[in-house]
Engineer: 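This is the structure I want to talk about, given as structure tokens.
We name chains A, B, ... by the order of the sequence lines, and we start the count at 1 in each one.
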There are 2 protein chains.
Amino acid sequence: MLETRELRYFVAVAEELHFSRAAERLGIAQPPLSRAIQQLERRLDVALLERNRRGVTLTGAGQVLLDEARAILDATAAAARRTRRAAAGTNRLTLATKAGANHKLLRKLLDTHAAEPDAAEIEVLLCGMGEQARMLRDGRADVALMQRPFDALAGFDTEELLTEQQVAILPAGHPLAARTSLTMADISNVPDLPVARWPRQDGSYEPGPGPEIHDQSQLAQLIALGRTMAVLCASSRSWLWNAHAAAPLTDAPHVTTVLAWPPHSRSRAVAALVRTATQLQQEPTKTRNAQP
Amino acid sequence: MLETRELRYFVAVAEELHFSRAAERLGIAQPPLSRAIQQLERRLDVALLERNRRGVTLTGAGQVLLDEARAILDATAAAARRTRRAAAGTNRLTLATKAGANHKLLRKLLDTHAAEPDAAEIEVLLCGMGEQARMLRDGRADVALMQRPFDALAGFDTEELLTEQQVAILPAGHPLAARTSLTMADISNVPDLPVARWPRQDGSYEPGPGPEIHDQSQLAQLIALGRTMAVLCASSRSWLWNAHAAAPLTDAPHVTTVLAWPPHSRSRAVAALVRTATQLQQEPTKTRNAQP
DNA sequence: CGCTGTCATACCCGGCCGGTATCACCGCGG
DNA sequence: CCGCGGTGATACCGGCCGGGTATGACAGCG
């Protein structure tokens, strides 16, 4: 059976592609690390690394193990955290959500849930773009609000909460802001107003003229200054400034906000919250496409 | 960081609720096991087990860790198996499917995939009821055909392939077999023909008059003998005997056959098969609700 | 009040994990 | 051609820890 320590060592080497640096990162000396990796390869009877002159490369099998090991190490950290939190307060939940998104929906979910008998106390954890997945995976959160198709939902159970149109957020003074509706064609390649660029899953940005966005307050500022525009779900209207204008995008894909949680979670508290959310979803008229 | 060994030990104790039996199962003596669990509890600073007079019970935190640990151990076994298989043949896939279901769909999927350039060689692994999930989780399979809502799809990525009606499979001579369509009400509580009972996720059976079914051949035999009937998806017609009859159930929920795979799988071969499956799904006229 | 069955404690031993020192090898530059 | 720096592998050693045996503490029970 693979030991956690071996996986940790292997991930370090596979990421650094350098034994000495990996050893330093792990806080051990290089020879024991070499030996540990050799033992791992012997026990699996698989070549994981190609030792060339000048450096190390991953074999195909090594790449597979790297993916698997990362997931296992995340799950292990998650197990420890969840166990500790279960011991601390049995009726507490941590909900991760994008900072600044879905004010109303979140408010409604929390209010409705709090009204239930024996409702778990819910701690809200605000995190940056797409960080919710990591929070769920490593056990810092029990449940998260995420958005399809933006967030990576692979590996989680989900409950759909709200589907809404996307809108373009523009500087109030811009000519396009006068329009009552827009299309993707209208907003692409506007010379003086490039579309803002969000980070991808890995944190990198695709090339383009627009500014690189890290969080919502920065985006709001840049739009207000007339430097960029952004495409967001309709409920983002709730945090608009006076200097902002919003126009629906008729042909942009709809965005679905979902409640997500780790699939093997059998927690009573998560189940209760999901049940609450399901009921919310069945009477969506009050929140769907709500206008400010 | 939690070690695999500790998790293995804890799972054994949590399942047996008995140190000596758990130690025997693990192939070690009882005292080291006691010590290991104590160390685990000390390092987590959490009480996992309640040692009463006469036996052991799990605390809430212990229950949480049990769930997490089982998932981690499965993932660890999966990692080893997948790594070994990646090393053995880089362009091979194992597909798990229910024995006897979806002949045509599977055949079409395999044929279409084999026609692709650089197609991975696909090994088909037939397994019993709901075993596919375990096969995927512990790395014996890379991809599986499963059915919603019967199979537990939590934690997997899926691609829908085929949605079909359910049909009642009856002994050919039975009066109900003459009907061209049936409802759930028609077949529930038929005195001389109780509905067969399938195992649940945990392998147990819910109580009822019908026989307990383990596999499809046994079911076929029992139906042919006039001892039971069963409700299955329409494509099951393809394996019917002369002694069988099938009638569509107008009000039974539809069954969707999906291709499922572990969410973090970044394998080229899985991606290619999924792409093939997506294309199948886009031209569904030939297979959807296919009648024999 | 022993007897039984439970888990915990005490103690010992061997293996392995990690450290230091060193080697083998390669590329490179004088 | 020959050191030199830098790579990972090897050799060896010491301490810790995981595992074993023997035994204890304690509760239930006849």
Side-chain angles (χ1 to χ4, degrees), chain A residues 1-59 61-63 65-66 69 72-73 76 80 87, chain B residues 1-59 61-63 65-66 69 72-73 76 80 87:
Chain A
M1 178 72 59
L2 298 176
E3 286 298 323
T4 315
R5 186 181 55 88
E6 300 177 298
L7 296 178
R8 223 173 52 238
Y9 287 7
F10 174 71
V11 168
V13 175
E15 286 181 352
E16 300 284 347
L17 292 177
H18 194 288
F19 277 78
S20 303
R21 277 199 303 272
E24 190 182 2
R25 183 173 125 187
L26 292 166
I28 65 172
Q30 168 261 319
L33 179 57
S34 283
R35 203 179 45 187
I37 301 293
Q38 284 174 45
Q39 276 181 13
L40 179 60
E41 288 182 301
R42 273 215 330 270
R43 285 178 43 205
L44 284 172
D45 196 26
V46 164
L48 301 170
L49 298 167
E50 201 89 43
R51 282 88 156 167
N52 309 336
R53 50 182 163 278
R54 228 69 183 176
V56 177
T57 57
L58 277 175
T59 65
Q63 183 61 53
L65 184 59
L66 176 57
I72 291 172
L73 294 178
T76 305
Chain B
M1 178 73 57
L2 298 176
E3 285 300 321
T4 314
R5 185 182 55 87
E6 300 176 297
L7 296 177
R8 221 172 54 236
Y9 287 7
F10 174 70
V11 168
V13 175
E15 286 180 353
E16 300 284 346
L17 291 177
H18 194 289
F19 278 78
S20 304
R21 278 199 302 271
E24 190 182 2
R25 181 173 125 187
L26 291 166
I28 65 172
Q30 169 260 320
L33 178 58
S34 284
R35 204 178 46 186
I37 301 293
Q38 285 175 45
Q39 276 181 15
L40 179 60
E41 288 182 301
R42 273 214 332 271
R43 285 178 43 203
L44 284 172
D45 195 25
V46 164
L48 301 169
L49 299 168
E50 201 91 41
R51 281 88 156 168
N52 309 336
R53 44 183 169 281
R54 228 70 185 177
V56 178
T57 57
L58 277 176
T59 64
Q63 182 61 55
L65 184 60
L66 177 57
I72 291 172
L73 293 178
T76 306

Engineer: Would you say a side-chain N or O of A/S34 is under 4.0 Å from OP1 or OP2 of D/dG8?
Structural biologist: no

Engineer: I'd like to know whether A/L66 forms a side chain to side chain contact (heavy atoms under 4.5 Å, CB included) with A/V11, so could you lay out the CA-CA distance, the side-chain angles of the two residues, the decisive distance to 0.1 Å, and finally the verdict.
Structural biologist: CA-CA 6 Å; A/L66 176 57; A/V11 168; 4.1 Å; yes

Engineer: Just the rounded figure in Å: distance from P of C/dG18 to CG of A/L26.
Structural biologist: 10 Å

Engineer: Between C/dG18 atom C1' and A/E6 atom CD, what is the distance in whole Å?
Structural biologist: 15 Å

Engineer: Between the two end axes of the helix from C/dC1-D/dG30 to C/dG30-D/dC1, each built from 5 base pairs, what angle do you get to the nearest 10°?
Structural biologist: 0°

Engineer: Enter the distance from B/Q38:CD to B/L48:CG here, rounded to the nearest 0.5 Å.
Structural biologist: 11.5 Å

Engineer: Taking atom P of D/dG8 as reference, at what distance in whole Å does atom CG of A/L33 sit?
Structural biologist: 9 Å

Engineer: Do any of residues 16-24 of chain B sit with a heavy atom less than 4.0 Å from DNA chain D, and if so which?
Structural biologist: none

Engineer: What residues form a side chain to side chain donor-acceptor pair (under 3.5 Å) with B/R8, not counting sequence neighbours?
Structural biologist: none

Engineer: Measuring from A/I72:CD1 to A/T4:OG1, what's the distance to the nearest 0.5 Å?
Structural biologist: 8.5 Å

Engineer: Whole angstroms only, please: what is the CZ-C1' distance between B/R51 and D/dA27?
Structural biologist: 16 Å

Engineer: Please name all residues satisfying salt bridge (charged side-chain N to carboxylate O under 4.0 Å, His left out) with A/E41, sequence neighbours left out, ordered by chain then number.
Structural biologist: A/R51

Engineer: What does nucleotides 13-20 of chain D look like as a protein-contact string, B for base, S for sugar-phosphate only, - for none, at under 4.0 angstrom between heavy atoms?
Structural biologist: -----BBB

Engineer: Listed by chain and number, what are the side chain to side chain donor-acceptor pair (under 3.5 Å) partners of A/E6, not counting sequence neighbours?
Structural biologist: A/R43

Engineer: Excluding sequence neighbours, so at least two apart, what forms salt bridge (charged side-chain N to carboxylate O under 4.0 Å, His left out) with B/R35?
Structural biologist: none

Engineer: To the nearest angstrom, how far is A/Q38 atom CD from C/dC17 atom P?
Structural biologist: 13 Å

Engineer: Extract all donor-acceptor atom pairs below 3.5 Å that involve side chains of residues 19-33 of chain A and protein atoms in other chains or at least two apart in sequence.
Structural biologist:
{"unit_1": "A/R21", "atom_1": "NH2", "unit_2": "A/E16", "atom_2": "O", "d": "3.3"}
{"unit_1": "A/R25", "atom_1": "NH1", "unit_2": "A/E15", "atom_2": "OE1", "d": "3.3"}
{"unit_1": "A/R25", "atom_1": "NH1", "unit_2": "A/E16", "atom_2": "OE2", "d": "3.1"}
{"unit_1": "A/R25", "atom_1": "NH2", "unit_2": "A/E15", "atom_2": "OE1", "d": "2.8"}
{"unit_1": "A/Q30", "atom_1": "NE2", "unit_2": "A/S34", "atom_2": "OG", "d": "3.0"}

Engineer: So, A/T76 side chain and B/L2 main chain: donor-acceptor pair closer than 3.5 Å or not?
Structural biologist: no

Engineer: By the definition side-chain contact (heavy atoms from CB on, under 4.5 Å), identify the one residue from A/L44, A/T59, A/V46, A/L58 that meets it with A/L65.
Structural biologist: A/L44

Engineer: Can you tell me how far CG of A/L7 sits from CD of B/E3, rounded to the nearest 0.5 angstrom?
Structural biologist: 9.0 Å

